[in-house]
Asks: 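Structure provided below as structure tokens; questions to follow.
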Amino acid sequence: MKKTVIVVGAGISGLTAASALAKNYNIILIEAADQCGGRIRTSAQKDFSSILEAGAEFIHGHLKQTLKLLKKAGIDYVPVKGKMYRKEKGSIEEQKEMIEGWDKLLKKMKRAKKEMTMHDFLHHYFAEDKYADLRRHAVAYTEGFDVADVKKVTVHSLYKEWSAEEEENFRIPEGYGELINYLVQTCEEKGCRIITKEAVKQIDWQKNDITVITSAENKYTADKIVISIPISVLQQTGSAGSVNFTPPLDGYINAARQIGFGTAIKILISFHKRFWKKDMGFIFGDEYIPTWWTQLPDSSCMLTGWVGGSKADHLCTESDNELLEKALISLSNIFDLTLDEIKNNVKAAEVFNWKKNPLALGAYSYDIPGAVDAKKILNTPVKGSIFFCGEALYEGDSPGTVEAAIVSARQMLKKIRKSS
């Protein structure tokens, strides 16, 4: 008779785990939200000429597990097109490299102490006035791309990721939601029981004896359990998605709190007509919403605004209308158009503030001092009965949170099979 495994969280990591385990176990997959996917949310709206990606959008290079899964699912992906531009000192100029002095920066980062923060690194190695622009751009990239606080994130972790980046990135024309749909269908075909709109609130456990109680006061039992909720939720007590363990797992919860978790706000705006250069892929500025990108190779009249890190922390308490206003002001300043010209051109807009989502409480993780040891703890099974996985527990250096989530799930699978 097959043993039962409960998987908590139906994001990409939980779905990957459930699908793979279903061959040898009865699977109960429990998701607190009204749909599977976690921070992957793809939708379509009539006033937008492109699909809307609330969360994950890009594939950052030739990421082995992500591309392998897309191929297996028969889902197309295409290279991201367009050039990078920066609004600097009053004019928009093409940017040939991510940061001027990038190679020199990486060389110094490689030699930095492992637990040194990016803030301390920049003020130790690049403190002179001549490096002012480099410091500003490095901070913007750290907080924008990695949604990391420069005073907390380790240089070593940024170096591992940045040095592994590739020039060619990809996007999925139909959206990451297609991958979620494929995994859900695969799970269902394998007999997984998928439960949505129930948050796991209590886990009573002994070795190979798990009892789960949800927000709907339903009880589920299993031999083992996989926890794949965001690390931000695991860190919290009393939040909508928080879980209580009996007996307590204080060492694991404390370890979770040694991993950084960043904030991000995404603003998608559909316009009646394009006002940016045809070859523009990304444009960066020093505004409320500093990073924008187009949909190239799709030529739709849509721009996506992005702000992460400490800037997003300051903005995340504002209403969607206030955030949209700041986005429009940002575009007005970047493109030297009046605010009325921008506003009169808006067809539709959507704001996705992940910090306000109680089941996410932010965007994705980053390493702070102590995170490496914390991941080792969380990647160690609890008496062969409780297993953790998710993008925050990934110990490699490939960029991309989806890739990290998939790899973390696959690494956990080996441990759960070994425990049986």
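Small disclaimer: the values here were computed from a predicted structure and weren't measured. For the numbers below, each heavy atom of this structure counts, side chains included, while hydrogens, waters and symmetry mates do not.
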Asks: Honestly, is Lys326 close enough over Tyr288, meaning NZ or CZ under 6.0 Å from the six-membered ring centre and within 45° of the axis?
Replies: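 Yes, Lys326 and Tyr288 form such a contact.
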Asks: For Ser228 and Val8, indicate whether the former's side chain and the latter's backbone hold a donor-acceptor pair under 3.5 Å.
Replies: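 Such a contact is found between Ser228 side chain and Val8 backbone.
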Asks: Under 3.5 Å, is there a donor-acceptor pair linking the side chains of Ser13 and Thr16?
Replies: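 No, Thr16 and Ser13 have no side-chain donor paired with an acceptor closer than 3.5 Å.
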Asks: Does the ring centre of Trp292 sit less than 6.0 Å away from the ring centre of Trp276?
Replies: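 Ring-ring flag for Trp276/Trp292: false, centres at least 6.0 Å apart.
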Asks: Who passes side-chain hydrogen bond (donor to acceptor under 3.5 Å, both in side chains) against Glu287, sequence neighbours left out?
Replies: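 Only Asn333 meet the side-chain hydrogen bond (donor to acceptor under 3.5 Å, both in side chains) criterion with Glu287.
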Asks: Are the side chain of Asp209 and the backbone N or O of Asp223 linked by a donor-acceptor pair below 3.5 Å?
Replies: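 No.
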Asks: Could you tell me the separation between the OH atom of Tyr159 and the CG atom of Leu106, rounded to the nearest 0.5 Å?
Replies: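 Answer for the OH-CG pair, Tyr159 versus Leu106, is 6.5 Å.
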Asks: Within the 3.5 Å criterion, strictly below it, is a donor on Glu198 or Asn218 matched to an acceptor on the partner's side chain?
Replies: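 Yes - a donor-acceptor pair under 3.5 Å links their side chains.
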Asks: Considering all heavy atoms of both residues, which atom of Ser49 and which atom of Ser270 are nearest to each other, and what is their separation?
Replies: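 Distance-wise, the nearest heavy atoms are N-OG, 4.5 Å.
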Asks: Does one side chain, of Asp313 or Thr263, offer a donor that lies under 3.5 Å from an acceptor on the other?
Replies: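 The criterion, which ignores hydrogens and geometry beyond distance, is satisfied for Thr263 and Asp313.
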Asks: Passes salt bridge (charged side-chain N to carboxylate O under 4.0 Å, His left out), Arg41 versus Asp34? Steps please.
Replies: CA-CA 12 Å; Arg41 288 265 171 160; Asp34 59 357; 3.3 Å; yes
Asks: Parallel, tilted or perpendicular: which fits the ring planes of Phe145 and His60, with parallel below 30° and perpendicular above 60°?
Replies: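 Ring orientation of Phe145 relative to His60: perpendicular.
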Asks: For Lys2, look at atom NZ and say whether over 12 heavy atoms of other residues, nucleotides or ligands are found less than 6.0 Å away.
Replies: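 Buried by this count: over 12 neighbours within 6.0 Å.
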Asks: CE/Met1 to NZ/Lys3 distance, rounded to the nearest 0.5 angstrom?
Replies: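 Answer rounded to 0.5 Å: 11.5 Å.
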Asks: Scan side-chain atoms only and decide if Gln235 and Arg257 contain a donor-acceptor pair under the 3.5 Å cut-off.
Replies: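 The answer is no; no qualifying pair exists.
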Asks: Indicate whether any N or O donor in one side chain lies under 3.5 Å from an N or O acceptor in the other, for Glu178 and Tyr77.
Replies: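 No donor-acceptor contact under 3.5 Å links the two side chains.
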Asks: Measure across Pro369 and Thr117 and return the closest heavy-atom pair with its distance rounded to 0.1 Å.
Replies: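 Closest heavy-atom pair between Pro369 and Thr117: CG-CG2, 4.4 Å.
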Asks: Taking the six-membered ring for Trp and the full ring for Phe, Tyr or His, determine whether the centres of Trp354 and Tyr364 are under 6.0 Å apart.
Replies: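 Centroid distance Trp354-Tyr364: not below 6.0 Å, so no.
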Asks: Between Phe275 and Phe335, how do the two ring planes meet: parallel, tilted or perpendicular, split at 30° and 60°?
Replies: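 Plane angle over 60°, so perpendicular.
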Asks: Would you check if there is a donor-acceptor pair between the side chains of Glu143 and Ser310 at a distance under 3.5 Å?
Replies: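 Ser310 vs Glu143: donor-acceptor pair found between side chains.
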Asks: Whether the Asp204 and Gln202 side chains hold a donor-acceptor pair (N or O, under 3.5 Å, no angle test) is what I'd like checked.
Replies: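 On atom types as modelled, these side chains qualify, holding a pair under 3.5 Å.
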Asks: Below 6.0 angstrom between ring centroids: does that apply to Phe126 and Phe121?
Replies: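 Distance test on ring centres: under 6.0 Å, yes.
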Asks: Test your reading of the model: is there a side-chain donor-acceptor pair from Arg39 to the backbone of Ala363, 3.5 Å cut-off?
Replies: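 Yes; at least one donor-acceptor contact below 3.5 Å.
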Asks: Report the residues that fulfil side-chain hydrogen bond (donor to acceptor under 3.5 Å, both in side chains) with Tyr25, sequence neighbours left out, ordered by chain and then residue number.
Replies: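 Tyr25 satisfies side-chain hydrogen bond (donor to acceptor under 3.5 Å, both in side chains) with Ser420 once adjacent residues are dropped.
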Asks: So does Thr338 get a backbone contact from the side chain of Glu341, meaning a donor-acceptor N/O pair under 3.5 Å?
Replies: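 Pair found, side chain donor or acceptor close to backbone of Thr338.
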Asks: Please list, chain by chain and in numerical order, all residues satisfying salt bridge (charged side-chain N to carboxylate O under 4.0 Å, His left out) with Lys355, sequence neighbours excluded.
Replies: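 Listed in chain order: nothing, the list is empty.
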Asks: Quick check against the 3.5 Å criterion: does Trp293 have a side-chain atom that pairs as donor or acceptor with the backbone of Gly305?
Replies: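 A pair under 3.5 Å: no.
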Asks: Any side-chain to backbone donor/acceptor pair from Lys375 onto Glu395? Under 3.5 Å, distance only.
Replies: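 No; zero donor-acceptor contacts below 3.5 Å.
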Asks: Please report the C-alpha distance between Val150 and Leu122 in whole Å, then the side-chain angles of each, then the deciding distance to 0.1 Å, and finally whether the side-chain contact (heavy atoms from CB on, under 4.5 Å) criterion is met.
Replies: CA-CA 9 Å; Val150 291; Leu122 290 172; 5.6 Å; no
Asks: Will you find, in the side chains of Glu53 and Thr42, an N or O donor that is under 3.5 Å from an N or O acceptor?
Replies: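 Judged by distance alone, the side chains do pair up.
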Asks: Keeping Thr294 on the side-chain end and Met280 on the backbone end, is there a donor-acceptor pair under 3.5 Å?
Replies: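 Yes, Thr294 side chain to Met280 backbone: donor-acceptor pair under 3.5 Å.
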Asks: Which heavy atom in Cys316 sits nearest to a heavy atom in Asn353, and how many Å separate them?
Replies: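 Reported closest heavy-atom pair: O-ND2, 2.8 Å.
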Asks: Tell me yes or no: between the side chains of Ser408 and Glu391, is some donor less than 3.5 Å from an acceptor?
Replies: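 Ser408 vs Glu391: no donor-acceptor pair found between side chains.
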Asks: Passes salt bridge (charged side-chain N to carboxylate O under 4.0 Å, His left out), Arg171 versus Glu57? Steps please.
Replies: CA-CA 6 Å; Arg171 65 165 85 238; Glu57 183 169 347; 2.8 Å; yes
Asks: Considering non-hydrogen atoms only, spot the tightest contact between Tyr252 and Pro381 and give its length.
Replies: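 Nearest pair, atom of Tyr252 first, then Pro381: OH-O, 3.7 Å.
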Asks: Taking atom types as modelled, is there a side-chain donor on Asn379 or Gln411 under 3.5 Å from an acceptor on the other?
Replies: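 Short answer, no.
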Asks: Any donor and acceptor pair, going by atom type alone, linking the side chain of Glu31 with main-chain N or O of Ala10 inside 3.5 Å?
Replies: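 A pair under 3.5 Å: yes.
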Asks: Run the ring-centre check on Phe170 versus Tyr176 and record whether the distance is less than 6.0 Å.
Replies: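 Distance test on ring centres: not under 6.0 Å, no.
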Asks: Does a salt bridge link Glu403 with Lys68, judged by any charged N lying under 4.0 Å from a carboxylate O?
Replies: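 A salt bridge is absent here (no side-chain N lies under 4.0 Å from a carboxylate O).
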Asks: Quick check: does any side chain N or O of Gln236 sit under 3.5 Å from a backbone N or O of Val233, one acting as donor and the other as acceptor?
Replies: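 Absent.
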Asks: Does a donor on one side chain and an acceptor on the other come within less than 3.5 Å for His62 and Glu166?
Replies: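 Side-chain D/A pair, His62 to Glu166: present.
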Asks: Say you draw a straight line from CD1 of Ile283 to OG of Ser330; how long is it, rounded to the nearest 0.5 Å?
Replies: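 Here the interatomic distance stands at 11.5 Å.
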Asks: For the pair Glu350 and Lys266, evaluate salt bridge (charged side-chain N to carboxylate O under 4.0 Å, His left out) and give the outcome as yes or no after the intermediate values.
Replies: CA-CA 8 Å; Glu350 287 287 339; Lys266 205 172 184 182; over 6 Å; no
Asks: Does a side-chain N-to-carboxylate-O contact under 4.0 Å join Arg136 and Asp286?
Replies: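 Salt bridge between Arg136 and Asp286, a charged N being under 4.0 Å from a carboxylate O: yes.
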Asks: Under a 3.5 Å threshold, yes or no: a donor from one side chain and an acceptor from the other, between Lys224 and Ser419?
Replies: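 Ser419 and Lys224 do have a side-chain donor-acceptor pair below 3.5 Å.
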Asks: Heavy atoms only: give me the nearest Ala56-Val402 pair and the separation to one decimal.
Replies: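 Between these two residues, the closest heavy atoms are CB-CG2, 3.8 Å.
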Asks: For atom CD of Glu217, is the number of surrounding heavy atoms from other residues, nucleotides or ligands below 6.0 Å larger than 12?
Replies: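 No, the 6.0 Å shell around CD holds no more than 12 heavy atoms from other groups.
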Asks: Can any side-chain N or O of Ser232 pair as donor or acceptor with the backbone N or O of Ala360 at less than 3.5 Å?
Replies: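 Yes, Ser232 side chain to Ala360 backbone: donor-acceptor pair under 3.5 Å.
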Asks: Specify the closest pair of heavy atoms between Gly82 and Leu296, including all atoms of both residues, with the distance to one decimal.
Replies: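 Heavy atoms of Gly82 and Leu296 come nearest at CA-CD1, 3.7 Å.
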Asks: Look at Lys160 together with Asp367 and state whether they make a salt bridge at an N to O cut-off of under 4.0 Å.
Replies: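 No.
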Asks: Hey, could you give me the CD/CG distance between Glu188 and Leu29, rounded to the nearest 0.5 Å?
Replies: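 Glu188 CD to Leu29 CG: 10.0 Å, rounded to 0.5 Å.
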Asks: Could you walk me through whether Glu88 and His137 pass the side-chain contact (heavy atoms from CB on, under 4.5 Å) check?
Replies: CA-CA 11 Å; Glu88 188 102 305; His137 293 161; 3.1 Å; yes
